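Structure, as structure tokens:
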Amino acid sequence: MPDDRDKVVTKLPQQLCRELKIRAVTADKSIQDAVTQGIQAWREAGKPLPLIDTAKSGSFSTYVPSALYKAFREDCSTLKINFNQGLAQAIQLWLDANPLPHRSRPSTGARRVAFGNQKGGVGKTAMSAGVGQALAEMGYRVCLVDFDPQGHLTKQFGHDHLPIKGDSLVKNMCGERQADLRELLIEIPGESFDDRLHLLPACTDGFLLDAKLVSSREIRVKETALEKALGSIEREFDFVVVDCPPSLGYAMDNAIYYVRTREGEPEGNSGIVIPVQAEDSSADAYTLLREQIDSLCDDLDINVHNLGFVVNLYDARKGYVVTSSLDAWKSLGKPGVIAVVNDLKEQREAVRMKTPLLVHAPDSDQADVMRDIARRVAK
Ligand SMILES: Nc1ncnc2c1ncn2[C@@H]1O[C@H](COP(=O)(O)OP(=O)(O)OP(=O)(O)O)[C@@H](O)[C@H]1O
Ligand SMILES: [Mg+2]
């Protein structure tokens with residue numbers, strides 16, 4: 001905290017607090033700066049503002065410049081406005097001035113983000129789901145692609161695998177298409193997502209994908225099939241988020257190829273996020289993944305941007321191996337570690353309840369870290 005700031009502790013209606021978090025992430029601002037701007041606007045308004053119902057409030061704290069804080073308190077007392085009410089009005093003013101943007105379709109096409117690591121259980125699915133939800137909160141249209149035949153992402157949202165005899169992403173990839181893939185999309189409900197979050201569910205035919213691709217006679221189809229299959233879906237979305245399987249086979253090659261930097265696309269617009277754990281076996285797994293990405297880039301003359309590592313399930317109490325491993329991830333240089341996610345109960349609860357994390361626990365630290373990763377990815 002900078003020296004010239006005072007801690008503000010208040011009670012805020014939960015909905016206002018949640019909106020503040022979402023809009024601050026969307027505007028790429030810190031909460032402190034958003035509240036500071038709100039207080040400045042409140043002081044400049046010079047007229048009574050609509051009263052805000054603060055009945056169902058929870059505690060909230062932030063830091064604002066000391067001089068501004070003092071002047072604001074004095075204003076509240078002169079105008080005989082309860083301080084909590086004044087601050088709620090100030091935050092509402094900032095929200096009014098910073099609405100969710102209406103997003104026009106990106107001229108470079110949908111941004112494509114894969115969460116990949118062949119190591120199992122590191123949080124690929126949890127991150128794909130959480131970051132996808134956070135992007136939808138920010139006003140982006142998001143398609144979550146369950147590209148893992150295990151179907152964990154699909155199940156997390158309370159859905160079943162697609163029937164094996166029907167249409168699927170894999171059938172589309174292998175030229176056995178029966179209908180437009182868009183017909184398979186399922187909307188994921190959530191007040192803060194509106195109608196912006198969709199899931200392309202998994203089908204168990206995914207277990208056959210590598211075998212089917214290897215026998216394909218079409219040149220280059222082994223790596224490009226996912227891109228071809230998702231073409232029609234891409235047109236409808238700002239972000240396509242791919243939850244990769246824990247393997248290094250052709251499925252992964254397809255995902256890597258899919259998130260490459262396309263011609264004319266700005267560097268870092270699309271790419272791969274690599275969830276890892278702070279332990280030695282995660283480092284070995286990364287070496288293999290890196291080799292796969294590098295050799296694909298060499299073979300196909302493409303560029304795949306690493307959007308960053310997320311060190312997941314972090315628990316410093318586990319001692320030196322864990323803390324030194326985190327240091328090792330951090331020392332890898334740009335883009336480096338974009339988030340450290342603790343082992344938190346809300347993630348497991350959300351999976352158990354088959355409810356999106358940001359619906360189940362929108363005010364949790366776990367939800368906030370997903371918003372933070374989404375902000376980094378969307379930059
Ligand atoms: N930060 C976290 N805190 C608590 N539990 C977590 C966290 N991240 C993931 N989990 C839980 O750990 C388990 C493994 O996570 P997840 O399924 O996301 O990993 P994965 O890399 O997708 O696994 P797989 O390789 O099998 O696809 C899940 O039960 C998930 O809910
Ligand atoms: Mg998974």
Side-chain angles (χ1 to χ4, degrees), residues 14-26 58 100 103 110-115 121-148 150-162 169 182 184-202 233 236-245 273 275 310 312-313 338-339 341-378:
Q14 237 172 19
Q15 190 56 34
L16 199 63
C17 186
R18 196 171 300 158
E19 275 303 316
L20 174 64
K21 284 180 182 176
I22 294 172
R23 302 277 185 88
V25 163
T26 308
L100 267 191
R103 308 225 180 248
R111 298 175 64 175
R112 293 144 285 111
V113 180
F115 286 79
V122 291
K124 296 179 286 295
T125 303
M127 303 292 149
S128 306
V131 172
Q133 291 163 45
L135 287 168
E137 277 190 345
M138 292 164 73
Y140 293 109
R141 287 169 294 260
V142 179
C143 180
L144 290 168
V145 176
D146 191 347
F147 195 39
D148 179 0
Q150 295 180 100
H152 290 156
L153 183 66
T154 304
K155 288 179 208 156
Q156 242 174 63
F157 291 119
H159 294 286
D160 291 328
H161 276 102
L162 291 167
L169 173 59
R182 283 176 293 189
L184 299 179
L185 292 176
I186 297 173
E187 187 181 320
I188 306 295
E191 206 183 312
S192 57
F193 315 144
D194 243 330
D195 58 356
R196 295 186 291 270
L197 186 63
H198 290 77
L199 169 73
L200 180 59
I233 286 205
E236 313 280 324
F237 293 94
D238 301 309
F239 276 92
V240 178
V241 174
V242 182
D243 177 22
C244 297
V273 178
V310 176
N312 191 25
L313 291 154
I338 55 170
V341 185
N342 294 325
D343 191 331
L344 297 165
K345 68 180 170 61
E346 287 82 4
Q347 174 60 39
R348 291 199 177 83
E349 285 171 2
V351 171
R352 169 70 66 85
M353 312 273 289
K354 300 195 187 316
T355 307
L357 172 73
L358 274 63
V359 172
H360 169 69
D363 305 316
S364 61
D365 288 349
Q366 181 100 39
D368 286 346
V369 79
M370 295 302 159
R371 293 183 183 119
D372 202 40
I373 302 170
R375 183 176 60 81
R376 301 285 298 255
V377 166

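This is a predicted model, so every value here is computed, not measured.
With rounding to the nearest 0.5 angstrom, the CG atom of Leu100 is 10.5 Å from the OH atom of Tyr140. Interatomic distance, CZ of Phe239 versus CZ of Arg111, reported as 4.0 Å (0.5 Å rounding). Annotation: the span from Phe237 atom CZ to Arg182 atom CZ amounts to 9.5 Å, rounded to 0.5 Å. In this structure, CE on Met127 lies 3.5 Å from CG on Asn312, to the nearest 0.5 angstrom. Considering CD1 of Ile373 and CZ of Arg376, their distance stands at 9.5 Å, rounded to 0.5 Å.
Of all heavy-atom pairs between Ile186 and Pro201, the closest is CD1-CG, 3.6 Å. Annotation for Phe193 and Ile188: closest pair CD1-O, 3.8 Å, computed over non-hydrogen atoms. Taking all atoms of both residues into account, the shortest heavy-atom contact from Ile233 to Cys143 is CG2-SG, 3.8 Å. Between Gly132 and Leu144, the shortest heavy-atom distance links the atoms CA-CD2, 4.0 Å. When all heavy atoms of Val369 and Ala339 are compared, the pair lying nearest together is CG2-CB, 4.3 Å. The two residues Ala134 and Arg371 come nearest to each other via the heavy atoms CB-CA, 3.7 Å.
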Which atom pairs, donor and acceptor, lie under 3.5 Å between side-chain atoms of residues 151-158 and protein residues at least two apart or in another chain?
| unit_1 | atom_1 | unit_2 | atom_2 | d |
| --- | --- | --- | --- | --- |
| Thr154 | OG1 | Asp146 | OD2 | 2.6 |
| Thr154 | OG1 | Ala202 | N | 3.0 |
| Lys155 | NZ | Gln150 | O | 3.1 |

Throw together a table of side-chain donor-acceptor distances under 3.5 angstrom for residues 15-22, partners on residues two or more places apart or in other chains.
| unit_1 | atom_1 | unit_2 | atom_2 | d |
| --- | --- | --- | --- | --- |
| Arg18 | NE | Asp363 | OD1 | 3.0 |
| Arg18 | NH2 | Asp363 | OD2 | 2.9 |
| Glu19 | OE1 | Arg23 | NE | 3.1 |
| Glu19 | OE1 | Arg23 | NH2 | 3.1 |
| Lys21 | NZ | Asp368 | OD2 | 3.1 |

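Residue His360 forms a side-chain hydrogen bond (donor to acceptor under 3.5 Å, both in side chains) with just one option from Arg352, Gln347, Glu349, and that option is Glu349.
For the salt bridge (Lys or Arg N to Asp or Glu O under 4.0 Å) test, residues two or more places apart in sequence or in another chain that qualify with Asp372 are Arg375. Partners of Asp365 by side chain to side chain donor-acceptor pair (under 3.5 Å), not counting sequence neighbours: none found. Residues forming a salt bridge (Lys or Arg N to Asp or Glu O under 4.0 Å) with Glu191 (at least two apart in sequence, or on another chain): none.
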*Using the side chain to side chain contact (heavy atoms under 4.5 Å, CB included) rule, take Gln366 and Val341 through it: C-alpha gap first, then chi angles, then the decisive distance, then the call.*
CA-CA 7 Å; Gln366 181 100 39; Val341 185; 3.7 Å; yes

*Please report the C-alpha distance between Glu137 and Leu358 in whole Å, then the side-chain angles of each, then the deciding distance to 0.1 Å, and finally whether the side chain to side chain contact (heavy atoms under 4.5 Å, CB included) criterion is met.*
CA-CA 9 Å; Glu137 277 190 345; Leu358 274 63; 3.4 Å; yes

*Check step by step if side chain to side chain contact (heavy atoms under 4.5 Å, CB included) holds for Val131 and Val241.*
CA-CA 9 Å; Val131 172; Val241 174; 5.7 Å; no

*Applying side chain to side chain contact (heavy atoms under 4.5 Å, CB included), run through Val142 and Asp238 and close with a yes or a no.*
CA-CA 6 Å; Val142 179; Asp238 301 309; over 6 Å; no

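Classification of Arg348 and Asp343 as a salt-bridged pair holds, one side-chain N sitting under 4.0 Å from a carboxylate O.
Pairs engaging residues 121-133 under the side-chain hydrogen bond (donor to acceptor under 3.5 Å, both in side chains) rule: Thr125-Asp243 [sequence neighbours left out].
In this structure, the side chains of Pro245 and Phe147 come closer than 4.5 Å at one or more pairs of heavy atoms.
Between the Arg196 side chain and the Ala136 main chain, a donor and an acceptor come within less than 3.5 Å of each other.
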